[in-house]
Amino acid sequence: MIMRNAKYILMLLLMATAVTTVMAQVEFVGNTKPVYEEIPESNTGLNYLFVLYSAQGVSMTYTATTDPDNVTWYEFGEEGGGSAIDPMTGIQRNGNVTTLPQVVADRGYIITEGDHPTYIWVVDYSKCRLQLNSATVDPESDCGTAIIHVEGSGPDVVYYTINGVRRVMNREIKITYNTLEWNSDDERWDEKQVVETEPSFKNSIAVPAPLCNTTFTVEGDKFLYYWKDEYQNEYQSKTTESYSATAISVETTAVQEERDNDNEQKESGTALGSSAPVKITFTAHCTDAVSFKQWQVSDNADFNYILMDFSQEEVEYTFEDAGTTYWRFYYANSDGSCEDYSETYTVNIGISDLFCPNFFSPGTTEGANDVWKVSYKSIIDFHCWIYNRWGVLIKEFTDPSDGWDGTYRGKLVSTGVYFYVIRAKGSDGKQHNKSGDINILRYEQRSMGGGGGYDDPVE
C-alpha cells in the first residue's frame with residue numbers, strides 16, 4: 001500500500017513538471033488516413049491530441065532520444081493521469097523504438113523517458129463521426145435570427161485532461177450564407193458571404209437573420225476537412241432550399257445644405273438647423289425585404305402626433321419656421337412581422353434677428369469694414385434699398401447675405417450720410433421694418449487721372 005501511494009505521488013510530480021517532447025517521437029503505424037494532430041490548451045496538462053480516422057489495427061510508437069530502457073508507458077481514462085499507477089504491459093522494444101501494438105483509443109497515455117513525461121490523448125473518430133443528412137430553414141425564423149434544422153448525428157469529440165476534467169474538441173462545423181453589409185464609403189448595401197462556426201453538432205443552429213435572399217450550407221467538420229483533399233467523398237455538406245429574407249435594416253442620413261455667409265448668425269452646438277431657411281435632405285437606404293417606408297415628422301420626441309409623413313426614401317425639405325421638429329424613418333417588411341425605426345434627427349430653427357450697422361469705411365483697408373452688411377438670423381424674406389441724401393437709389397438687393405461695397409455705377413461714392421430702408425420677415429413670423437443712416441467715414445482717395453474718382457449723384 002505504501003509503495004502504491006509512493007508511485008501515485010511520483011506520477012503527480014511528473015505530471016506537474018511536464019516537458020513537451022519533440023513531435024516526431026510519437027508516431028502511428030497502420031492507420032488508413034493521416035493522423036489529425038492538435039496542441040491542446042496548456043491548462044489541460046496534455047502535450048498532444050491525436051485523432052485517428054479509425055483505431056482498428058493501429059499501433060503507436062515512441063522513439064527514445066536516450067536509453068530506451070528508460071521509457072515507460074502509462075494509460076489513463078476519464079479519472080485523469082492520477083489513475084495511471086502501474087506501467088503498461090505488452091510494450092514491445094526494438095532498438096530505440098518502443099511500440100504499443102494496438103492503440104486503445106479514447107484513452108490517455110503518459111510516456112516517460114527518464115524524468116521527462118509526454119502526455120497525449122488519442123481519439124477514435126469512427127466512434128463519433130459526423131453525419132449530415134439534410135438541412136432546412138425553419139419557416140418560423142424571426143427578424144433577428146434564422147434557425148437551421150440539421151438532420152444527422154455527431155457525438156461530442158471528448159477527451160480528458162490529466163486532472164480528469166472532461167473537454168470537447170471543437171468540430172468547427174461551418175454555416176455559410178449571404179447577407180447585406182452597409183458600405184459607408186459608397187453609401188450602399190453590398191452582398192457579402194458570411195461564415196458562422198459551431199463547435200459541436202446541433203440539430204438546430206441559430207445564425208443572424210440574412211438581409212437578402214440566400215441559401216444556407218452546413219458543412220464539416222474540421223477533421224473530415226483535414227482528410228478532404230485525398231478523400232473527397234468523406235466531407236459532409238448540405239445546402240438548404242432558397243430562403244426569402246424577412247429581416248430588414250436601414251441606414252439613414254440627414255445632410256444640411258451649408259451656407260458660408262459671414263454676416264449670418266449661427267447657433268453653436270446645433271447639429272441640424274440654426275438660421276432659416278435651412279434645406280436638409282433626408283435619405284434612407286433600405287435592405288431588400290423593406291416594403292413599407294415612411295419618413296415621419298413630429299413636434300415632440302415621442303412622436304405622439306405625426307405632423308407630416310413622406311412615403312419616399314429621400315425627402316428634400318426647406319425649413320422656414322422657427323421651432324424644433326423631430327424626424328425618423330419607419331420601415332417594415334411585407335407582412336409587418338418585422339418593423340423598426342431609424343435614429344431620430346432633431347432640427348432646431350432659431351428665431352429671427354436683424355441688426356443694421358450705421359457706418360463703414362470702403363476704400364480704406366481692403367477686407368476690413370469695406371462692405372456694409374446687416375447681421376441676421378432666420379430671415380426668410382428680405383428687401384433692402386439704399387439712397388443718397390437726394391433720394392437717389394444707390395443699391396437694391398434681396399439677399400440678406402449680400403451688402404453694399406460703397407460704389408455707385410462702378411465708382412466709390414463720397415463720404416457722408418446715406419439712408420437704408422429694409423422690409424424683412426423672420427422664421428418666427430416677425431416683420432422687420434427698419435430704416436436708418438449709413439455713415440461712410442473715410443477712405444483712401446485715388447487719383448482722378450487714373451479713371452477713378454467719386455460719383456456723388458445729385459440729379
Side-chain angles (χ1 to χ4, degrees), residues 33 36 38 49 51 53-54 106 123-159 166-182 189-229 231-250 286-292 331-340:
K33 298 182 182 179
Y36 180 90
E38 187 171 302
L49 290 171
V51 181
Y53 184 77
S54 174
D106 302 317
V123 175
D124 186 343
Y125 184 78
S126 66
K127 296 180 180 180
C128 54
R129 189 180 191 281
L130 177 68
Q131 180 62 48
L132 302 178
N133 298 326
S134 65
T136 58
V137 186
D138 192 331
E140 300 302 320
S141 298
D142 59 29
C143 302
T145 306
I147 306 297
I148 314 302
H149 293 306
V150 183
E151 293 293 332
S153 61
D156 287 345
V157 184
V158 176
Y159 67 97
R166 184 181 186 272
R167 296 287 183 90
V168 177
M169 295 186 72
N170 187 348
R171 284 187 180 270
E172 294 183 11
I173 297 174
K174 296 180 181 179
I175 304 91
T176 306
Y177 61 98
N178 288 343
T179 190
L180 298 179
E181 181 179 59
W182 177 245
W189 290 97
D190 291 335
E191 190 167 326
K192 72 162 190 174
Q193 186 181 81
V194 176
V195 179
E196 304 282 347
T197 60
E198 284 290 333
S200 57
F201 173 81
K202 295 179 181 178
N203 290 117
S204 294
I205 301 173
V207 297
L211 296 172
C212 63
N213 297 343
T214 187
T215 59
F216 297 87
T217 298
V218 182
E219 56 185 333
D221 50 20
K222 71 179 180 182
F223 308 109
L224 292 176
Y225 187 82
Y226 177 73
W227 296 309
K228 177 181 177 181
D229 291 342
Y231 306 95
Q232 183 76 26
N233 61 332
E234 297 286 349
Y235 192 60
Q236 300 287 299
S237 178
K238 298 297 177 182
T239 301
T240 68
E241 294 183 352
S242 181
Y243 168 81
S244 297
T246 59
I248 55 176
S249 188
V250 70
C286 301
T287 56
D288 297 351
V290 175
S291 294
F292 188 79
Y331 56 105
N333 60 7
S334 59
D335 62 4
S337 59
C338 300
E339 60 179 356
D340 205 351

(Q) Going by side chain to side chain contact (heavy atoms under 4.5 Å, CB included), Met169 matches just one of Val157, Asp221, Asp156. Which one? (A) Val157
Q: Mind checking the OG-CG spacing from Ser337 to Asp142? Nearest 0.5 Å is all I need.
A: 9.5 Å
Q: Keeping the roles fixed (side chain from Lys174, backbone from Val195), state whether a donor-acceptor pair exists under 3.5 Å.
A: no
Q) Is a side-chain donor or acceptor of Asn333 paired with a backbone partner of Thr246 at a separation under 3.5 angstrom? A) yes
Q: Quick one: pull up CD1 in Ile175 and CD1 in Ile148 and give me the separation to the nearest 0.5 Å.
A: 8.0 Å
**Q.** Point-to-point distance, once rounded to the nearest 0.5 Å, from CH2 of Trp182 to OG of Ser249
**A.** 9.5 Å
Q. Pairs in or reaching into residues 198-219: which pass ring-ring contact (aromatic ring centres under 6.0 Å, His included), with residues at least two apart or in two chains?
A. Tyr177-Phe216, Phe216-Tyr243
(Q) For Val158 versus Val123, what's the shortest heavy-atom pair and its separation? (A) O-CG2, 3.9 Å
Q) Does one side chain, of Thr240 or Thr215, offer a donor that lies under 3.5 Å from an acceptor on the other? A) no
Q | Minimum heavy-atom distance Ala247-Ala209, with the two atoms named | A | CB-CB, 3.6 Å
Q: Go through the steps to decide whether Glu172 and Phe223 satisfy the test side-chain contact (heavy atoms from CB on, under 4.5 Å), and finish with yes or no.
A: CA-CA 9 Å; Glu172 294 183 11; Phe223 308 109; over 6 Å; no
Q.
Can you tell me if Glu241 has over 12 outside heavy atoms packed within less than 6.0 Å of its CD?
A. no
Q. Can you check whether Asn178's main-chain N or O pairs, donor with acceptor, with Thr214's side chain at less than 3.5 Å?
A. yes
Q) Passes side-chain contact (heavy atoms from CB on, under 4.5 Å), Val150 versus Ile205? Steps please. A) CA-CA 8 Å; Val150 183; Ile205 301 173; 4.0 Å; yes
Q) Just by distance, do the side chain of Ser141 and the backbone of Ile147 share a donor-acceptor pair under 3.5 Å? A) yes
(Q) Show every salt bridge (charged side-chain N to carboxylate O under 4.0 Å, His left out) that has at least one partner inside residues 196-220, sequence neighbours left out. (A) Glu198-Lys202
